[in-house]
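Excluded from the calculations below are hydrogen atoms, water molecules and symmetry mates; all remaining heavy atoms, backbone and side chain alike, are included.
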Amino acid sequence: TEGSVGLAQLETTEDKGVICIGDSLGDAEVVDVEVAECIRIGYLNTAVDERLGAFKEKFDIVLTGDRGFGPVLDLCYAACEFS
């Protein structure tokens, strides 16, 4: 999509990990190349009751309400400590 930071710029993606973050269902499909690991995080702030099921199908993690970027940073820090 326009404005995306492109995975196409990577020489190889097979050994790369990606965190895909979005606030619409289509954002979960942005990563369209083969990567070693992809964690999809969805921010759901409106019509939560109506859209939660669909978001859970598309995203690995769904954050509701105005959560900010803290949970994503926590995930990154944990991944760095684990590796």
Side-chain angles (χ1 to χ4, degrees):
T1 60
E2 185 177 339
S4 297
V5 176
L7 293 174
Q9 296 172 352
L10 299 173
E11 290 180 18
T12 177
T13 58
E14 293 174 359
D15 61 345
K16 305 290 185 200
V18 175
I19 298 175
C20 176
I21 303 169
D23 62 358
S24 71
L25 292 174
D27 292 338
E29 306 299 326
V30 171
V31 178
D32 61 355
V33 296
E34 191 67 32
V35 293
E37 297 290 332
C38 180
I39 298 174
R40 290 172 171 82
I41 302 173
Y43 279 85
L44 178 57
N45 296 317
T46 59
V48 174
D49 292 336
E50 295 85 7
R51 299 170 61 203
L52 185 58
F55 264 67
K56 284 183 174 182
E57 288 180 21
K58 294 283 187 174
F59 292 96
D60 301 304
I61 299 168
V62 178
L63 302 172
T64 59
D66 190 15
R67 297 289 299 271
F69 212 65
V72 176
L73 291 175
D74 291 342
L75 176 68
C76 292
Y77 293 138
C80 289
E81 288 178 5
F82 181 73
S83 60

Colleague: Mind jotting down which residue pairs meet the side chain to side chain donor-acceptor pair (under 3.5 Å) criterion with at least one end in residues 52-72? Sequence neighbours excluded, please.
Modeller: Glu29-Lys58

Colleague: Hey, quick one: are Phe59 and Leu52 part of the same hydrophobic cluster, counting side-chain heavy atoms closer than 4.5 Å, chains of contacts allowed?
Modeller: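 Linked, Phe59 and Leu52 end up in one cluster.
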
Colleague: Evaluate the side chain to side chain contact (heavy atoms under 4.5 Å, CB included) criterion for residues Val72 and Ile21: first the C-alpha distance (whole Å), next the side-chain angles of each, then the deciding distance (0.1 Å), finally the verdict.
Modeller: CA-CA 9 Å; Val72 176; Ile21 303 169; 3.8 Å; yes

Colleague: Give a yes or no on whether Leu73 and Val18 share a hydrophobic cluster (residues Ile, Leu, Val, Met, Phe, Trp, Tyr; joining criterion: side-chain heavy atoms under 4.5 Å apart).
Modeller: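 Each belongs to a different hydrophobic cluster.
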
Colleague: Please assess Val30 against Arg40 for the test side chain to side chain contact (heavy atoms under 4.5 Å, CB included), listing each intermediate value before the final yes or no.
Modeller: CA-CA 10 Å; Val30 171; Arg40 290 172 171 82; over 6 Å; no

Colleague: With side chain to side chain contact (heavy atoms under 4.5 Å, CB included) as the criterion, how do Asp23 and Leu44 come out once you've worked through the C-alpha distance, each side chain's angles and the decisive distance to 0.1 Å?
Modeller: CA-CA 6 Å; Asp23 62 358; Leu44 178 57; over 6 Å; no

Colleague: Given the rule that I, L, V, M, F, W and Y join up when any side-chain heavy atoms are under 4.5 Å apart, are Ile39 and Leu63 in one cluster?
Modeller: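 Yes; tracing contacts between hydrophobic side chains, which count when under 4.5 Å, links both residues.
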
Colleague: Does Tyr43 reach the main-chain N or O of Gly68 with its side chain, forming a donor-acceptor pair under 3.5 Å?
Modeller: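 A pair under 3.5 Å: yes.
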
Colleague: Which pair of heavy atoms, one from Gly22 and one from Asp27, lies closest together, and at what distance?
Modeller: CA-OD2, 3.3 Å

Colleague: Please find the pair of heavy atoms, one from Ile19 and one from Cys76, that lie closest to each other, and give the distance.
Modeller: CD1-SG, 3.6 Å

Colleague: I need the Ile61 CD1 to Cys20 SG distance, nearest 0.5 Å.
Modeller: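 Spacing of CD1 (Ile61) from SG (Cys20) equals 11.5 Å.
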
Colleague: Supply the atom-to-atom distance Leu75 CG to Ile41 CD1, rounded to the nearest 0.5 angstrom.
Modeller: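 Result: 5.0 Å between the selected atoms.
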
